Structure formats: structure tokens, C-alpha cells
**Q** 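Dropping the structure in here first, questions after.
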Amino acid sequence: MEFGCEVDLEELCPVCGDKVSGYHYGLLTCESCKGFFKRTVQNNKIYACVDKQQCRIDKAQRKRCPFCRFQKCLHVGMRIEAVRADRMRGGRNKFGPTYKRDRALKQQQREAFIRAHRFRTESGTPVASWIQNGDFTFTESLNTVTIQKLSTPSLQSFGPTGAIQNLCSSASSWTIKSMYSNTYAGSAVVDAVTLMEPCDPCSKLRFTQDPRMPPLVMEFLLYDPDELQLQRNTDVHFQQELTGCCSYRSTFKQLYAMVDLLLHAIVEWARMSALFKQLQISDQMKLLHHCWSELLALDIISGHILYDRQACLLLIGDHEVEPPSTEYPPGPSLFDLSQRGQALLEKLHILKVDHQELASIKYLILFNPAVKELEDSGFIEKVKLQVGGALLEYTRTACPQLPNRLAHLLEFLSELRPLSCLAEEYLYCRHLRGEVPCNSLLDEMLHAKHNSP
DNA sequence: GTTCAAGGCCAG
DNA sequence: CTGGCCTTGAAC
């Protein structure tokens with residue numbers, strides 16, 4: 001079973017994502033943030049940020065900027081008044097009952113999340129047999145792919161073909177970088193890089209003023225990709241081509257360019273996540289290779305919900321640009337995808353899902369402990385459970401009148417999976433016909449899942 | 001007596 | 001300065 005009651009529920013520090021050692025100064029934090037907070041308050045430290053006071057704080061970088069670290073300590077709720085002025089040791093402070101309540105609440109949430117997860121409808125998930133085969137070969141191919149721990153700058157060929165897919169490194173992080181030919185979506189990489197720039201967290205602060213919002217959900221929202229930038233990029237790509245009234249083939253070329261752009265944004269979003277960064281590179285690759293299509297489908301659908309995105313992939317099914325398939329058995333059509341996507345979109349509309357929930361759901365998709373041959377599935381499971389707990393806490397606070405809201409969200413997730421399988425099948429069929437440009441990130445994702453070495 | 005969140009210590 | 005480990009002592 002995916003979530004057993006016996007699971008050791010190790011929490012993660014809301015400041016840096018390190019392992020929690022207990023309640024310190026008002027909430028569960030790690031030992032190092034506890035010490036840092038204590039020293040800062042006791043010694044009346046005053047720090048300065050050499051950047052824009054928006055430094056990302058995670059386990060690897062928490063030492064870099066004490067100013068932003070302390071700001072984050074305060075932001076997540078560490079209490080200055082819990083540091084004793086008289087420095088008296090031992091005993092308990094006035095937060096004792098708070099900690100006790102918090103423990104009870106967390107336990108309740110944990111149990112409720114596990115119940116909700118059991119409730120989730122797993123049946124009726126049609127997965128084409130070739131996809132299952134693909135999963136097998138995908139696992140096999142992973143064994144042959146050596147991924148360096150990129151402590152020094154390096155370029156490495158990735159994937160079973162000669163595609164120019166490279167893992168690049170900067171410091172201890174990584175990116176998947178696809179190169180484009182001059183004739184195909186030449187500006188996509190540049191655009192993707194632009195949209196990957198961390199958005200201004202202040203622009204989202206208005207959503208995070210509510211002190212009842214779980215710190216984890218707040219974090220997810222703050223670091224969700226900048227939609228405006230993404231929209232500008234995708235609109236340019238998509239509408240240029242559609243207004244040009246061109247052949248279906250070139251329209252799909254643009255479609256792939258946009259899918260590739262979205263994939264770049266998804267990879268970069270994951271890469272920027274403090275929790276994701278704590279995984280080994282190999283696990284990061286496995287998780288992304290496994291869930292890219294789900295994240296892509298969710299991204300496209302949520303674009304409608306949150307932003308009424310103009311460049312609408314779902315509507316492409318209405319353009320009647322796709323000639324009927326001559327293959328037997330016929331693969332899925334864009335029309336199929338469009339119909340199913342619209343049905344899911346309708347569900348989200350009825351649920352009135354919000355940005356916080358969508359930002360959290362993405363982490364539930366990404367941190368999937370069921371992915372095969374993970375090095376650290378334990379950590380991934382803990383993260384998933386923690387995200388589930390935070391999402392439950394959030395839905396209970398935001399929609400107290402709907403106690404089963406989380407179960408509905410999980411049900412939506414279980415319905416997203418077959419759609420993403422269908423989308424993958426569609427893209428793979430076109431890939432086999434040579435319509436997916438080589439060297440794109442999409443090409444890499446399709447290769448990773450379906451090619452045996 | 002046990003628990004556990006305070007403060008303290010000190011190698012790196 | 002950092003952070004892992006140690007000591008303390010009120011609440012239970």
C-alpha cells in the first residue's frame with residue numbers, strides 16, 4: 001500500500017527543508033535553523049542581503065544569506081518571544097499546549113489523508129498495453145543511463161539515440177537542456193529561459209498573508225511559475241501560427257514547440273523546488289520522466305482555470321486541422337484529447353479549485369514513491385505525505401463546509417492519469433511518424449519512457 | 001520518572 | 001558562523 005499508518009512521518013523544516021528535530025520557537029524546524037534563530041535573536045544580529053532580499057533558502061544554500069534565512073524563519077512563524085531573555089535553561093514555555101494541539105492536529109490530518117487516499121478511485125484507468133510495455137523498457141533503459149553527480153561543469157549525452165540532450169550543471173543543480181535546430185522553434189530555448197526566471201515573490205504575497213495557510217502551501221504558491229511570462233511566450237508561439245492559416249503540419253510544429261516550452265518550464269519549476277533539490281540527480285530524472293505528461297496536462301488545464309489562457313491547447317481539437325488517421329488500430333486523436341481535457345476542465349470548474357490547491361497537486365504528482373527503482377523512495381513518500389497533509393489542512397481551512405474536498409481533488413488526479421497516458425500515446429504515435437522534432441525536450445521524454453537500449 | 005524544548009558547547 | 005550533540009529543568 002502506498003500510505004501505511006506505520007509510515008514514519010518525518011517532517012521537513014519549513015525554512016530549509018532539512019529534517020525536523022522537534023518543535024523549536026513555535027513550530028517544527030530542523031536543528032540548524034533552531035540554532036540559527038537562537039543565535040540571531042540572542043545576539044541581536046542584523047544582517048544584510050547583497051541581492052534582492054529574495055534568496056531561496058534550502059538545505060544547500062541556507063548559509064549563503066542569513067538575512068533571507070531569518071526573514072523566512074519569521075515568515076513561516078518562528079517566534080522571537082520564545083527565545084528567553086534570561087537565558088534560563090530547561091523547563092517548558094507557554095507554547096507547550098500549542099505544540100500538543102499541533103501534534104494532535106497533524107495526526108488527525110495524516111489519518112484523514114490516508115483515508116482520503118484510500119477513497120481515491122484507482123479503477124477504470126485504461127492504459128494502453130504498449131504504454132505498460134514502455135514502462136518496462138523505460139526501466140531497462142534507465143539502467144544503462146549513467147548520470148553524473150554534476151559537481152563540475154560537464155556535458156553528457158543522454159538517451160539511447162544521438163539526440164543532443166544534455167544534462168548541464170551549475171553548482172550542485174542540474175537542468176535538462178534541449179537544443180533546437182535553426183529551422184525549428186529557434187527561440188523556444190531563449191523564451192523558456194526567460195520564463196524560468198524566478199517570479200517576483202512579492203506579486204504573490206497578497207495570497208499568502210493568511211496566517212492559517214500551511215507554510216508548505218504558501219511555499220508552493222510563491223514558487224509556482226510566473227504565468228504571465230509563460231502566457232506571453234506561449235501566446236506568441238501559438239497565435240502567430242494559427243492566425244497564419246497554415247497547413248496542419250506546420251500548426252502541429254508550433255504545437256510541439258509550445259509543448260516543449262511548457263516542458264522546459266515544468267523541469268525548471270521542479271529544479272527550483274527545495275524539496276526536489278534534495279534528491280539525487282538519478283531520482284530527479286526518474287520522477288520527471290515518469291510524470292511529465294501528467295504535469296503537462298495539469299498545466300494546460302489549470303491554465304484555463306487560473307488565467308483563462310488564450311493559447312488554448314484544448315481548443316486545437318476544434319480547428320479540424322488534423323486529417324483522419326489511416327493507421328490501424330487508430331491512435332488517439334486530438335479530438336479525443338480535447339474532449340477528455342474539457343471534461344476534466346469542467347470538473348475543476350465545478351470544484352472551484354484555486355491556485356494554492358493546483359500548486360500543491362503538482363507536488364503530489366511529482367513526488368511519486370511508486371516510480372520504479374528510486375534510490376530514496378522513503379524520502380519521496382514522506383514528502384508526498386507531507387504535501388497531502390498540508391493540502392488537507394489548506395482545504396479544511398479554505399473550504400470548511402466541504403470536508404471531503406481533498407478526496408475530490410485526489411479523484412481528479414486519478415482521472416488526470418489516463419488523460420496524460422492518452423496524450424503520451426498520441427505524442428508517441430506522432431513521434432514514430434517522425435513529426436516530433438529531434439533534440440527537443442519532448443523528444444527526450446518520449447525516448448526515456450519508450451525506448452529500450 | 002519521563003518527556004522534550006529550551007540554552008550551551010565546541011569541532012570544523 | 002554553523003550545526004550536531006549535550007545539559008537542563010518545568011510540566012506531565
Side-chain angles (χ1 to χ4, degrees), chain A residues 5-111 149 151-152 170-173 211-212 214-216 219 272-280 375-376 378-379 382-383 385-386 389-390 393:
Chain A
C5 294
E6 71 285 358
V7 172
D8 171 30
L9 298 163
E10 197 174 287
E11 297 260 359
L12 300 171
C13 175
V15 180
C16 68
D18 199 358
K19 188 180 148 191
V20 151
S21 68
Y23 284 91
H24 305 295
Y25 309 111
L27 70 160
L28 288 166
T29 74
C30 68
E31 196 64 20
S32 72
C33 288
K34 165 199 155 190
F36 170 77
F37 190 79
K38 179 185 68 177
R39 285 192 301 273
T40 302
V41 176
Q42 281 181 340
N43 304 323
N44 296 312
K45 299 264 185 201
I46 295 175
Y47 307 117
C49 176
V50 293
D51 203 9
K52 296 172 186 165
Q53 307 192 346
Q54 294 169 10
C55 304
R56 183 159 187 95
I57 304 298
D58 57 32
K59 192 181 173 185
Q61 311 187 62
R62 64 191 176 199
K63 281 196 268 191
R64 285 193 193 167
C65 181
F67 177 89
C68 291
R69 188 181 188 182
F70 189 60
Q71 289 304 306
K72 193 165 178 192
C73 286
L74 296 174
H75 192 64
V76 301
M78 291 182 82
R79 310 291 290 269
I80 288 174
E81 63 268 33
V83 179
R84 295 172 186 164
D86 59 5
R87 297 203 167 192
M88 193 192 74
R89 302 175 75 183
R92 295 285 160 91
N93 61 18
K94 62 175 178 174
F95 292 108
T98 315
Y99 297 150
K100 198 174 170 183
R101 272 200 305 278
D102 192 59
R103 274 203 182 89
L105 182 71
K106 278 189 157 56
Q107 183 57 32
Q108 224 176 10
Q109 287 169 357
R110 228 170 258 148
E111 287 163 4
K149 268 275 188 189
S151 55
T152 51
S170 57
S172 59
S173 61
R212 295 168 304 171
L216 210 52
E219 172 96 1
M272 296 292 285
S273 154
L275 294 168
F276 196 68
K277 276 181 188 169
Q278 291 178 45
L279 293 169
Q280 292 182 32
E375 301 292 328
D376 198 355
F379 174 80
K382 280 167 194 161
V383 171
L385 206 52
Q386 200 176 355
E393 188 179 341

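Just so it is clear: chains get the letters A, B, ... in the order the sequence lines come, proteins before strands, and each one is counted from 1. Computed from a prediction, not measured in an experiment: that's the story for all the values here.
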**Q** Does the structure place the NZ or CZ of R62(A) under 6.0 Å from the centre of the six-membered ring of F36(A), at an angle of no more than 45° from the ring's axis?
**A** no
**Q** Suppose we screen for ring pair (Phe, Tyr, Trp, His ring centres under 6.0 Å). Which residues come up paired with F95(A), at least two apart in sequence or across chains?
**A** none
**Q** Distance under 4.0 Å to a non-hydrogen atom of chain A counts as contact; along DNA chain C, which nucleotides mark the start and end?
**A** dC1(C) to dA11(C)
**Q** With heavy-atom distances below 4.5 Å as the criterion, would you say the side chains of L27(A) and P14(A) are in contact?
**A** yes
**Q** For R39(A) and S21(A), find the nucleotide of DNA chain B closest to each by heavy atoms; which residue's nucleotide sits nearer the 5' end?
**A** S21(A)
**Q** For I80(A) and V41(A), work out which heavy atoms get closest and say how close.
**A** CG2-CG1, 3.8 Å
**Q** Taking all heavy atoms of E375(A) and all of Q280(A), pick out the closest pair and write down the distance.
**A** CG-OE1, 3.6 Å
**Q** Looking only at side chains, do T98(A) and Y23(A) share a donor and an acceptor under 3.5 Å apart?
**A** no
**Q** Could you tell me which non-hydrogen atom of C30(A) sits nearest to which non-hydrogen atom of K19(A), and how far apart they are?
**A** CB-O, 3.0 Å
**Q** Going 5' to 3' along DNA chain B, which nucleotides are the first and last within contact of chain A (any atom under 4.0 Å from a heavy atom)?
**A** dT3(B) to dG8(B)
**Q** Base, sugar-phosphate or nothing for K94(A)? Non-hydrogen atoms, less than 4.0 Å.
**A** nothing
**Q** For R84(A), which contact category applies under a 4.0 Å heavy-atom criterion: base, sugar-phosphate, or nothing?
**A** sugar-phosphate
**Q** Please indicate whether K72(A) has more than 12 foreign heavy atoms, meaning atoms of other residues, nucleotides or ligands, lying under 6.0 Å from its NZ.
**A** yes
**Q** At under 4.0 Å between heavy atoms, what does R62(A) touch on the DNA or RNA strands: base, sugar-phosphate, or nothing?
**A** sugar-phosphate
